[in-house]
Amino acid sequence: MPPSWSDQWWPVAYLRDLDPLRPARFTLLERDLVIWWDRESGLWRAFEDVCPHRFVPLSEGRINGAGQLECPYHGWSFDGSGTCRSIPQMGDGAAPEARRSSCQALPTATGQGLLFVWSGDPASANPQTLPLVPLLREEGAGWADGWIVQDTFRDLPMDALTLLENVLDVSHVPFTHHRTVGRRENAAPVELEITREGDDGFEGLWEEGPRRGRLGSQLTRFRAPQLMWHDLTAKGFGRILTVVYAVPIRRGECRLFARFPFQFEAAAPRLLLGLRPRWLQHIGNHKVLEDDQVFLHWQERVLAAAGGSAAVERAFYLPTAADRYVAALHRWVKAHGGEPFAGQALPPRQGLESLMDRYNSHTRQCRSCAQALKRLRALKPWLWGGLWLSAVLIGLGQLGALSLLGLLLAIATGLVMRQVSRWERGLLAGDGLAPRNHG
């Protein structure tokens, strides 16, 4: 794998979604990792997800009373450096510490609410080079300079390059995302300009900007190989960033980390944004992501058959300035060793049901959404109880005031049940119906 991909800091989780009491798993560049909280050092750790004893995944284990990562199979336990500190099968006085009993630890660092893992030579890891958005500064538990930041993540059935190509492409929004975050009537010629290009990526300018110039100019920055953001100062509204990290899991799969920082001119939008729960925001984010998920999953297989990123210049037809960011992305890939999984075939094409899965690709790994799903399901028996009570009231009231009260209770409970069911479905799976093609 080219160093441009292997020697990098990669985000693997939002800190708010990690549980310090339980290990978590993540696959980075085909490397299975276990992520856990080292209580002794007060640091998040990342090990290769394999016990040196009999190769079972440590992510299936636990963090024991000593604050060490314990293997689920035979109880071997490891400290934050990866050193084995206990082998229960050994006799008293035996020393479990040995090179072959140790776990492979990867360097970790945190920044802007994300946990990063270094995928290259540990001796080369420098936390000062984390791929962060320079406009954002942390301040206490929030953000400095009046920024409000919404975030989401999802494991997507496509390569990281396919995702980057998609989010860098500003001209698809009015069409693909019609009726979600775009409108077809806002489509117009898009004159993109590359203002700087180098080994670290590129910068670009869209002078007119979205919605036929009604919002103002938009700047774009691609920090190779994993981070991009659009920067828009909307007239009379505020400053809006769209930030995306594309993290390769394996061939044909990546994790999207998306952030939406806002700097509002007025107080009202800030207050309204703060009222919306994170899990409800995530349901809306899913709908936008699913606008193009199906056809991107198909598109990358056609490109792979035509030669992949290396063949883009002859495979794609890019006649307009709207494709300049896409072309610049593939120029960077070509100049820096190629794709991360070059030569590997894509997995078989997935069906619609798999592509619309939200539970495994997001909800079970998101603390906000997992808790919301649990609470919604716990609410359902109470709602059924409310319906039963309303039926009793209607029967006892003999068409009098008590019956009217029962009827009103039945209507209110039914409406709440319908909304709860909609939210539950929204946390489990998409419907596969792109809004642009319906209504």
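Just so you know, these numbers use all the heavy atoms, side chains as well, and skip hydrogens, waters and symmetry mates.
Of the residues Asp49, Asp155, Asp32, the one that meets the side-chain hydrogen bond (donor to acceptor under 3.5 Å, both in side chains) test with Thr27 is Asp32. If you run salt bridge (Lys or Arg N to Asp or Glu O under 4.0 Å) between Asp431 and each of Arg422, Lys287, Arg425, Arg358, only Lys287 comes through. With Trp36 as the fixed residue, the ring pair (Phe, Tyr, Trp, His ring centres under 6.0 Å) test singles out one of Phe78, Phe26, Phe47, Trp44: Phe47. Here the options are Glu339, Glu313, Glu165, the test is side-chain hydrogen bond (donor to acceptor under 3.5 Å, both in side chains), and the partner is His330; only Glu165 passes.
Distance alone, capped at 3.5 Å, is enough to place a donor-acceptor pair between the Gln112 side chain and the Leu136 backbone. Looking only at distances, a side-chain donor or acceptor of Asp159 sits under 3.5 Å from a matching main-chain atom of Gly252. Checking side-chain atoms of Trp118 against main-chain N and O of Asp121 turns up a donor-acceptor pair under 3.5 Å. The backbone N or O of Gly67 sits less than 3.5 Å from a side-chain atom of Asn64, completing a donor-acceptor pair. The backbone N or O of Pro88 sits nowhere less than 3.5 Å from a side-chain atom of His74 that would complete a donor-acceptor pair. Side chain of Arg214 to main chain of Pro210: no donor-acceptor pair is present (N/O by atom type, distance under 3.5 Å, no hydrogens or angles). At distances below 3.5 Å, at least one donor-acceptor pair connects side-chain atoms of Thr129 with backbone N or O atoms of Asn126. Checking side-chain atoms of His336 against main-chain N and O of Trp332 turns up a donor-acceptor pair under 3.5 Å. Remark: side-chain polar atoms of His282 are paired, donor with acceptor, to backbone N or O of Asp151 under 3.5 angstrom. At least one donor-acceptor pair closer than 3.5 Å links the side chain of Arg270 to the backbone N or O of Gly146.
Under the salt bridge (charged side-chain N to carboxylate O under 4.0 Å, His left out) criterion, the residue pairs touching residues 73-90 are Asp79-Arg85, Arg85-Glu97, with sequence neighbours excluded.
Considering all non-hydrogen atoms of both residues, Arg31 and Gln104 come closest at NH2-CG, 4.0 Å. The shortest non-hydrogen separation linking Arg54 to Tyr73 is NH2-OH, 3.6 Å. Residues Arg184 and Asn437 come closest through the heavy atom pair NH2-OD1, 4.2 Å. Smallest separation of non-hydrogen atoms from Ala224 and Asp199: CB-O, 4.5 Å. Scanning all heavy atoms of the two residues, the minimum distance from Glu60 to Pro72 falls at O-CB, 3.5 Å. Closest of all the heavy-atom pairs between Ile249 and Cys254 is CD1-C, 3.7 Å.
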> So Arg22 and Ile63, side-chain contact (heavy atoms from CB on, under 4.5 Å) or not? Walk me through it.
Replying inline: CA-CA 6 Å; Arg22 300 176 184 275; Ile63 299 171; 5.9 Å; no
>> Using salt bridge (Lys or Arg N to Asp or Glu O under 4.0 Å), reason through Asp17 and Arg367 one step at a time and then give a plain yes or no.
In response: CA-CA 5 Å; Asp17 289 320; Arg367 294 188 80 178; over 6 Å; no
>> For a side chain to side chain donor-acceptor pair (under 3.5 Å) check, start with the C-alpha distance between Ser171 and Asp169, then their side-chain angles and the critical distance, and finish with the verdict.
In response: CA-CA 6 Å; Ser171 66; Asp169 174 15; 2.8 Å; yes
> Hey, mind stepping through Asp291 and Thr180 against side chain to side chain donor-acceptor pair (under 3.5 Å) and telling me if it holds?
Replying inline: CA-CA 8 Å; Asp291 278 345; Thr180 51; 2.6 Å; yes
> Could you go step by step and tell me if Glu70 and Ser77 meet the side chain to side chain donor-acceptor pair (under 3.5 Å) rule?
Replying inline: CA-CA 4 Å; Glu70 183 179 287; Ser77 60; 5.6 Å; no
>> I'd like to know whether Glu185 forms a side-chain contact (heavy atoms from CB on, under 4.5 Å) with Arg211, so could you lay out the CA-CA distance, the side-chain angles of the two residues, the decisive distance to 0.1 Å, and finally the verdict.
In response: CA-CA 9 Å; Glu185 54 266 29; Arg211 300 188 184 180; over 6 Å; no
>> Go through it in stages, so that I can follow the logic: the residues are Ser124 and Asp7, the test is side-chain contact (heavy atoms from CB on, under 4.5 Å), and I'd like the CA-CA distance, side-chain angles, deciding distance and then a yes or no.
In response: CA-CA 8 Å; Ser124 302; Asp7 295 354; 6.0 Å; no
>> Assess the residue pair Arg154 and Asn285 against the criterion (side chain to side chain donor-acceptor pair (under 3.5 Å)); give the C-alpha distance rounded to whole Å, side-chain angles, the decisive distance to 0.1 Å, and a yes or no.
In response: CA-CA 10 Å; Arg154 181 162 170 167; Asn285 296 146; over 6 Å; no
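Looking only at side-chain heavy atoms (C-beta outward), Gln89 and Trp76 come within less than 4.5 Å of each other. Looking at Leu163 and Leu156, their side chains come closer than 4.5 Å, going by heavy atoms from C-beta outward. Side-chain contact between Leu256 and Leu289 is present, with heavy atoms from C-beta onward closer than 4.5 Å. Between Ile283 and Leu427, the closest side-chain pair of non-hydrogen atoms falls below 4.5 Å. Contact check for Phe116 versus Val12: no side-chain heavy atoms found under the 4.5 Å cut-off. Between Cys366 and Phe153, the closest side-chain pair of non-hydrogen atoms falls below 4.5 Å. In this structure, the side chains of Glu197 and Glu203 stay at 4.5 Å or more apart for every pair of heavy atoms. Under the 4.5 Å side-chain criterion, counting only non-hydrogen atoms from C-beta, Pro157 is in contact with Gln293.
The residues Glu424 and Lys380 are annotated as salt-bridged, a charged nitrogen and a carboxylate oxygen being separated by less than 4.0 angstrom.
Between Ser4 atom OG and Asp200 atom CG the span is 13.0 Å, to the nearest 0.5 Å. With rounding to the nearest 0.5 angstrom, the CE atom of Met356 is 14.0 Å from the CG atom of Leu428. If you take CG on Leu241 and CG on Asp231, they are separated by 5.0 Å, rounding to the nearest 0.5 Å. To the nearest 0.5 Å, atom SG of residue Cys369 and atom NE2 of residue His362 are 3.5 Å apart. In this structure, CG in Leu346 is found 8.5 Å from NE2 in His297, a value given to the nearest 0.5 Å. Atoms CH2 and CG, from Trp10 and Leu29 in turn, are 6.0 Å apart once rounded to the nearest 0.5 Å.
By the 6.0 Å and 45° rule, Arg349 stacks over the aromatic ring of Trp298.
Around atom CD of Glu40, no more than 12 heavy atoms belonging to other residues, nucleotides or ligands sit under 6.0 Å away. Within 6.0 Å of OH in Tyr359 there are 12 or fewer heavy atoms belonging to other residues, nucleotides or ligands.
No side-chain donor-acceptor contact under 3.5 Å links Thr320 and Arg324.
Checked against the 6.0 Å centroid threshold, Trp5 and Phe341 do not count as a close aromatic pair. In summary, the aromatic rings of Tyr14 and Phe257 are positioned with their centroids under 6.0 Å apart.
Using cut-offs of 30° and 60° for the angle between ring planes, the Phe202 and Phe222 rings count as tilted. Between Tyr325 and His230, the angle of the ring planes stays under 30°, which puts this pair in the parallel group of the 30/60° scheme.
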